[in-house]
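Being a predicted model, the structure only gives us computed values, none of them experimental.
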Amino acid sequence: MADIKPFRCIRPLPELASRVAALPYDVYSRAEAAVEAKKDELSFLNIDRPETQFSPYEDMYSEKVYQKAHDMLWEQVEDGIYIQDEMPSYYVYELTMNGRVQTGIVACASIDDYLSGVIKKHENTRPEKEEDRIRHVDACDAQTGPIFLAYRGNRTISEIVRREKEQAPIFDFTAADGILHRGWRISREEEIQEICRAFSKIGQIYIADGHHRAASAVKVGLKRRAAHPDCKGTEEYQYFLSILFPAEELMIMDYNRVVRDLNGQTPEEFLKVLENSCQIRPCQAYSKPSQKGFMTLYLDGKWYSLKFKDQTATEDPVEGLDVSRLQNEILRPVFGIKDPKTDPRIEFVGGIRGTEELKKRVDEKGGAAFAMYPTSIYELFRVADAGLLMPPKSTWFEPKLRSGLFIHGIGEK
């Protein structure tokens, strides 16, 4: 059962939270990060992407770059920009996007639960991306980017969260993108024990987003465990920073595909071939896919509603995903795209970018765009429960968790 523990959070002063909070490090290219980091010296992006403090020609993976992240973090702690709570606590983190609210518990999850499969994965990780965060966590002596975890809702936890949200928050601000962020600290021992017991009865927790951050935190923990064979198992490096959300509050947006060419076919020829796998209906304008099994196609300046013909249920949770069917029934046989992870002709566009982005790319470069019906959180659970992997770019979670609001120190500081 899940070992989800409270911790002594390092967090920004309430009046500075809005300046510190930053989008995850991996949503930016190096050039974009450099521009964004300059907007505010307190933005956590400066620490999360420490190469922004150097010339663009500096090796972003050099030792001094990671050391810079360490120095900036702990100098700001010394300067009082961040405070560390005296007693271990749980925290509540609420995000509101377009009037829709999701609320999670900020805590630390066990690396042993990750290794044993209590915390379930649905993606492979890339060694080079892991290595970057391993070095960042190790150098900073802290986990700075929370892992986004999901679980099937629990009444006890939900009731404690509801009561806590009636109290004054420890931060409350609206970010530049319009997302409202609020946080609370749960420090009463009785409630801490209730939450701990409730999580201990939950058999499965799922990584929704942050597979590389999770894998990196675990590997740092294992490295330190090996270096301290007499460790007790309760050291901070034995756990990793997480925010756990009940599944029913989460929203997964569509993750769409743009193919740069029609594999030598004319639009008319392509539509004719497409009739083998889909029912096709022309639309006057973009029509959002209404349910699983439906997609919207943009081709040659026109919109089409598509429905997969064969709706036979499959026991394989991966093969039954719409993104899998698109790959297996259209992208591979019609476009010749065998591996969407490596084929340069395919682009992935998160639903947050809107359908105009799909239209723009096709109008500028040709090809076709497929707007998907979103993968559900319970489809993700089924894949993870089966020990399988999702196809690349299957889920796009919004809103994004901010970095810098909750930090977990893993050293002796």
Side-chain angles (χ1 to χ4, degrees), residues 11-29 31-49 52 91-106 144-150 161-162 164-184 208-210 243-256 286 288-289 348-361 371-377 393 395-407:
R11 53 190 176 89
L13 291 172
E15 62 270 25
L16 298 178
S18 62
R19 294 180 60 188
V20 167
L23 285 167
Y25 75 98
D26 53 358
V27 306
Y28 300 104
S29 68
E32 290 169 340
V35 172
E36 189 67 25
K38 288 179 181 177
K39 293 180 180 179
D40 195 319
E41 63 182 0
L42 294 188
S43 169
F44 198 77
L45 190 61
N46 291 283
I47 296 170
D48 239 358
R49 296 289 294 270
T52 58
Y91 301 82
V92 174
Y93 182 25
E94 177 195 85
L95 302 94
T96 304
M97 177 181 176
N98 298 328
R100 197 187 143 276
V101 179
Q102 67 181 55
T103 310
I105 292 283
V106 186
T144 61
I147 287 78
F148 186 161
L149 301 181
V161 167
R162 185 195 65 76
E164 192 61 39
K165 287 168 64 173
E166 294 175 350
Q167 310 304 313
I170 56 174
F171 62 79
D172 183 344
F173 65 91
T174 300
D177 57 4
I179 308 298
L180 172 63
H181 301 264
R182 297 200 298 168
W184 294 263
D209 198 13
I243 305 180
L244 302 98
F245 292 90
E248 61 269 20
E249 293 191 16
L250 298 179
M251 178 179 70
I252 302 179
M253 297 186 73
D254 41 306
Y255 217 144
N256 305 311
Y286 168 74
K288 187 175 182 178
F348 300 93
V349 182
I352 195 69
R353 303 290 296 273
T355 54
E356 280 303 308
E357 181 67 19
L358 302 180
K359 183 176 183 296
K360 175 186 174 185
R361 295 194 188 195
M372 310 300 296
Y373 185 75
T375 302
S376 78
I377 187 66
K393 313 298 185 183
T395 56
W396 182 283
F397 284 91
E398 286 289 345
K400 300 295 184 190
L401 309 182
R402 293 321 199 248
S403 295
L405 295 175
F406 306 97
I407 297 170

How would you list, by chain and number, every residue that makes a side chain to side chain donor-acceptor pair (under 3.5 Å) with [X], sequence neighbours excluded?
X    : value
E249 : none
T375 : none
E32  : S29
R100 : none

Nearest non-hydrogen partners of [X] and [Y], listed with the distance:
X    : Y    : answer
F245 : F148 : CD1-CE2, 3.4 Å
P12  : V20  : CB-CG2, 3.8 Å
I147 : G210 : CG1-O, 3.7 Å

Are the side chains of [X] and [Y] in touch, meaning some heavy atoms are under 4.5 Å apart?
X    : Y    : value
S376 : I252 : no
L95  : L401 : yes
F397 : I377 : yes
M97  : Q102 : no

Check residues 170-180 and write down every donor-acceptor pair under 3.5 Å in which the side-chain atom is one partner and the other belongs to a residue at least two apart or another chain.
{"from": "D177", "atom 1": "OD1", "to": "I179", "atom 2": "N", "distance (Å)": "3.2"}
{"from": "D177", "atom 1": "OD1", "to": "R402", "atom 2": "NH2", "distance (Å)": "3.0"}
{"from": "D177", "atom 1": "OD2", "to": "R402", "atom 2": "NH2", "distance (Å)": "2.5"}

Taking ring-ring contact (aromatic ring centres under 6.0 Å, His included) as the test, write out the residues that go with [X], two or more places apart.
X    : answer
F44  : none
Y373 : none
Y25  : none
Y28  : none

- How would you list, by chain and number, every residue that makes a salt bridge (charged side-chain N to carboxylate O under 4.0 Å, His left out) with E356, sequence neighbours excluded? none
Rounded to the nearest 0.5 Å, what's the gap from [atom1] on [X] to [atom2] on [Y]? Could you check?
X    : Y    : atom1 : atom2 : answer
T355 : K288 : OG1   : NZ    : 10.0 Å
E398 : D209 : CD    : CG    : 10.0 Å
F348 : M372 : CZ    : CE    : 10.5 Å
L149 : I105 : CG    : CD1   : 12.5 Å
E36  : S43  : CD    : OG    : 6.5 Å

- For K400, does the NZ atom have more than 12 heavy-atom neighbours from other residues, nucleotides or ligands under 6.0 Å away? yes
- Item | Residue list, side-chain contact (heavy atoms from CB on, under 4.5 Å) with L13, at least two apart or on another chain | E15, L16, I83
- Query: With K165, which residues qualify under side-chain contact (heavy atoms from CB on, under 4.5 Å), at least two apart?
  - Reply: V92, E94, V101, T103, V161, W184
- Task: Hey, can you tell me if W396 and Y255 have their rings parallel, tilted or perpendicular (30° and 60° cut-offs)?
- Result: perpendicular
- Candidate pair S403 and D48, rule side chain to side chain contact (heavy atoms under 4.5 Å, CB included), full reasoning: CA-CA 8 Å; S403 295; D48 239 358; 3.6 Å; yes
